[in-house]
Amino acid sequence: MSGSERRRPGGETAPSGPAPTNAVVAVLERRGRFLIAEPLFPPRQEASDSSRRRGGSTQLTIGSPGSGRGAGAGARAGDMVLVQVGGRGAGNRGSGGRDSGVDGAGRHGSGGRGAGVHVAGGRGAGGRGGGAGARIVRVLGRPDVARDVIEALMLDRGLPRGFDAAVEREARAAGELARGRQGNRRDLRALPTFTVDPASARDFDDAISAEALGADATRVWVHIADVAAHVPEGSLVDREARRRATSTYVPGAVEPMLPHALSSDACSLKPGVDRLAVTVEMELHDAVVTRAAFYRSLIRSDARLDYERVDRVFAGGESAAEPWGEPLRVARAVAAELERKRERGGALVVDSVEPEFSFDEHGNVSEIVGRVQTESHRLIEHLMIAANEAVAGLFAKRGLPCLFRVHERPQPERVERLADQLASLEVPTPALPENMSSTQAAELIGEMSKRVDAHVRRTGSGRMALSSLVLRSLKQAYYSPTNLGHAGLRSATYCHFTSPIRRYPDLVCHRALLSAVGGGEREPRSGEMAELGAWCSERERDAMIVERDSDDVARCFALERVLFDGGSEQVFTGEVTGLISAGAFIAFEDYEGMLPVRHMSGPDGREWWELNEQGTILHGERTGSTLRLADRIEVRVARVDSVRGRVDLLPAG
């Protein structure tokens, strides 16, 4: 299942310290002698409203052009700025900001993300004609530059974009601190070791070693950055990491969970340098882990490989160099066996395409590449899953307080609906029992995912639309101290352990594991785990929304450039990926848009479209025309709203 270990490429971190509280992103407009700050994004509670308009109702009077001091002194009309509203400490930048209401135990208040940022119409807080206390604290760039707008969106969604100076100082001192906490480590520096990550990655959580033992037996070492050695529990860095809970990756940038001094330096498993790690050593026979050992280690990676290079090696287009060539060959064979075992066990088969954006020197999107999951991705994924299962198995066996990664079994009625949807699109489905249990539901949805994959491979279309149907029938994964298994992976016991640089639950699991094996860490407090799990799950969902919306913004800017270069009347061939009563969602080339039914007219300019019960086909009542999920369709672009990340389409005919 491709979503089990999402590995996003790196990017530039925040260029300055954290954003202030009670701030709003705005565009400066000149009104007579004054500059007016018009909020760029709608209030957060309206962000998903399809009828929302650019900006909010509040205007803030800043002053005359060129006036002011500090960050706003050089601001001019047309600039995109961060404006602080009211006095210091007022407001709240939401769950990602410094005043998010999260204390050291992971508790959080009821305020929504971004609560208190948008000052809708309050004259006393700087509404039209007021401007009391409104001041520019940062010039963000221009609203017609993709990189600048993405930066502004991150700030608008409550990401602090930087760390307090005290946290940065503590992070820089962490290397010396970690050397003093080495304790009893196994020296594995002579063991051939390599990492495999996206070419643009900067934080390397995991490294691999492998050797053949003969007679279908292998030994695999999964080395994970020992973040716990660098981030003592209760330290400033730990409290800030707990508050953030996850790194957020957007096109060209990242808001890291840990400061740069740790995330891409001291904790990162770079090649040719000694690094502290926590190692999971596994012996496998025919894809079954027969023995697992866990300990703190000292490693030195021999090579920093990327997915593209590994795929070239696997395809015979490049030679594998030693000392990592033989371990890579062994790891490849082990991962292939693990994959076959998981597929036989009914794990979901859902491949995804991750967009990767490149920017030119001006901050414009220059290229979009859809990264599909290849054998190199699956190699790392299956080895990481095996390590996660081994660690979680120890937790379950010993009853240790920790955070399991839970993916509950799907509801039988959701599986029945999925079968009905697929059947309406003539995708083969298995027979369903009359009274379906939750166990049967999980088995059946795994089987349906395989049939969808086979159908897509046979027909050459429908990957995005049909995979989306499968995913929407599932429950959402979350973190919990209670082990309920992972239905998508068909794993009885699972946790997140392999990415502690970018996920706080992984750091919690490191501390739990090391407390159990004599690694010198304190066992997590059992009473905190439920609330911490809920907090980390919430922050993960928030990050996913920001990442999705930022991808949409980047796509829109790239599409605007294509339309400028080739003309607005260009015709694109797309595929229907979603349907609602109001229209169809179309993916075309590297872009996505909405085709409203009001533009899908019949021969006389009128047609009434009705969505079928399964939500898979739009029927035209007057003409008998149909538009189905996965259908090919030609479209033109009617409008692009880059700030909102929205594209409106028209039929090409």
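Note that the coordinates shown come from a computational prediction; the quantities given were computed from them, not determined experimentally.
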Task: Pair Asn483-Val406, side-chain contact (heavy atoms from CB on, under 4.5 Å): steps then yes or no - done: CA-CA 7 Å; Asn483 177 32; Val406 170; 5.6 Å; no

I'd like to know if [X] and [Y] make a salt bridge, using a cut-off of under 4.0 Å between side-chain N and carboxylate O.
{"X": "Glu308", "Y": "Arg312", "result": "no"}
{"X": "Arg300", "Y": "Asp187", "result": "no"}
{"X": "Glu523", "Y": "Arg398", "result": "no"}
{"X": "Arg189", "Y": "Asp274", "result": "yes"}
{"X": "Glu443", "Y": "Arg490", "result": "yes"}
{"X": "Glu356", "Y": "Arg371", "result": "yes"}
{"X": "Asp542", "Y": "Arg539", "result": "yes"}
{"X": "Glu375", "Y": "Arg332", "result": "yes"}
{"X": "Glu240", "Y": "Arg243", "result": "yes"}

Have [X] and [Y] got a donor and an acceptor in their side chains that come within less than 3.5 Å?
{"X": "Asp203", "Y": "Ser268", "answer": "no"}
{"X": "Tyr478", "Y": "Glu408", "answer": "yes"}
{"X": "Tyr591", "Y": "Asp552", "answer": "no"}
{"X": "Ser468", "Y": "Arg472", "answer": "yes"}
{"X": "Thr374", "Y": "Ser376", "answer": "yes"}

Side-chain contact test, heavy atoms from C-beta onward, threshold under 4.5 Å: evaluate it for [X] versus [Y] and give yes or no.
{"X": "Arg304", "Y": "Asp197", "answer": "yes"}
{"X": "Leu328", "Y": "Val313", "answer": "yes"}
{"X": "Glu381", "Y": "His377", "answer": "no"}
{"X": "Ile208", "Y": "Met384", "answer": "yes"}
{"X": "Arg555", "Y": "Pro355", "answer": "yes"}
{"X": "Ser209", "Y": "Pro327", "answer": "no"}
{"X": "Arg291", "Y": "Glu281", "answer": "yes"}
{"X": "Phe497", "Y": "His510", "answer": "yes"}

Distance, nearest 0.5 Å, that separates [atom1] of [X] from [atom2] of [Y]:
{"X": "Leu383", "Y": "Trp221", "atom1": "CG", "atom2": "CH2", "answer": "13.0 Å"}
{"X": "Glu339", "Y": "Arg344", "atom1": "CD", "atom2": "CZ", "answer": "11.0 Å"}
{"X": "Leu422", "Y": "Thr429", "atom1": "CG", "atom2": "OG1", "answer": "7.0 Å"}
{"X": "Phe204", "Y": "Ser264", "atom1": "CZ", "atom2": "OG", "answer": "9.0 Å"}
{"X": "Thr493", "Y": "Phe404", "atom1": "OG1", "atom2": "CZ", "answer": "6.5 Å"}
{"X": "Thr577", "Y": "Arg463", "atom1": "OG1", "atom2": "CZ", "answer": "14.5 Å"}

Which atoms form the tightest heavy-atom contact between [X] and [Y], and what is the distance?
{"X": "Pro430", "Y": "Arg451", "answer": "N-NH1, 3.4 Å"}
{"X": "Leu444", "Y": "Val415", "answer": "CB-CG1, 4.1 Å"}
{"X": "Ala303", "Y": "Trp324", "answer": "CB-CD1, 3.5 Å"}
{"X": "Pro259", "Y": "Val167", "answer": "CG-CG1, 3.9 Å"}
{"X": "Pro323", "Y": "Pro192", "answer": "O-CB, 3.5 Å"}
{"X": "Cys509", "Y": "Phe395", "answer": "O-CZ, 3.3 Å"}

Open item on the list: Can you confirm whether Met529 is buried at CE, in the sense that more than 12 heavy atoms of other residues, nucleotides or ligands lie under 6.0 Å from that atom?
Closed with: yes

Kindly say whether [Y] contributes a backbone atom to a donor-acceptor pair with the side chain of [X] at under 3.5 angstrom?
{"X": "Ser499", "Y": "Arg502", "result": "no"}
{"X": "Thr193", "Y": "Ser301", "result": "no"}
{"X": "Asp226", "Y": "Leu276", "result": "no"}
{"X": "Lys450", "Y": "Ile445", "result": "no"}
{"X": "Ser247", "Y": "Met257", "result": "yes"}
{"X": "His407", "Y": "Gly488", "result": "yes"}
{"X": "Glu547", "Y": "Tyr249", "result": "yes"}
{"X": "Asp238", "Y": "Gly234", "result": "yes"}
{"X": "Thr459", "Y": "His455", "result": "yes"}
{"X": "Arg185", "Y": "Ser297", "result": "yes"}

Task: side-chain contact (heavy atoms from CB on, under 4.5 Å) between Asp265 and Lys270, intermediate numbers included - done: CA-CA 8 Å; Asp265 191 9; Lys270 297 179 177 181; 3.5 Å; yes

Open item on the list: side-chain contact (heavy atoms from CB on, under 4.5 Å), that's the test. Do Ile501 and Val227 meet it? Break it down for me.
Closed with: CA-CA 7 Å; Ile501 289 177; Val227 175; 3.9 Å; yes

Open item on the list: Taking the cut-offs as 6.0 angstrom to the six-membered ring centre and 45 degrees off its axis, would you call Arg186 and Tyr295 a cation-pi pair?
Closed with: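 Pair Arg186/Tyr295 counts as cation-pi.
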
TODO: Taking side chain to side chain contact (heavy atoms under 4.5 Å, CB included) as the test, write out the residues that go with Glu389, two or more places apart.
DONE: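 Listed in chain order: Arg342, Ile385, Ser491, Tyr494.
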
Open item on the list: Using the side chain to side chain contact (heavy atoms under 4.5 Å, CB included) criterion, which residues pair with Ser438? Sequence neighbours excluded.
Closed with: Arg409

TODO: For the pair Glu337 and Arg340, evaluate salt bridge (Lys or Arg N to Asp or Glu O under 4.0 Å) and give the outcome as yes or no after the intermediate values.
DONE: CA-CA 5 Å; Glu337 282 296 321; Arg340 286 190 285 269; 2.5 Å; yes

TODO: For the pair Arg548 and Asp551, evaluate salt bridge (Lys or Arg N to Asp or Glu O under 4.0 Å) and give the outcome as yes or no after the intermediate values.
DONE: CA-CA 5 Å; Arg548 180 202 64 199; Asp551 284 354; over 6 Å; no

TODO: Measure centre to centre between the rings of Tyr479 and His496, then say whether the value is under 6.0 Å.
DONE: yes

Open item on the list: Does Glu211 form a salt bridge (Lys or Arg N to Asp or Glu O under 4.0 Å) with Arg329? I'd like the steps, not just the answer.
Closed with: CA-CA 9 Å; Glu211 68 176 5; Arg329 185 195 65 79; over 6 Å; no

Task: Worked verdict on Leu469 versus Leu425 for side-chain contact (heavy atoms from CB on, under 4.5 Å) - done: CA-CA 11 Å; Leu469 289 180; Leu425 297 170; 4.2 Å; yes

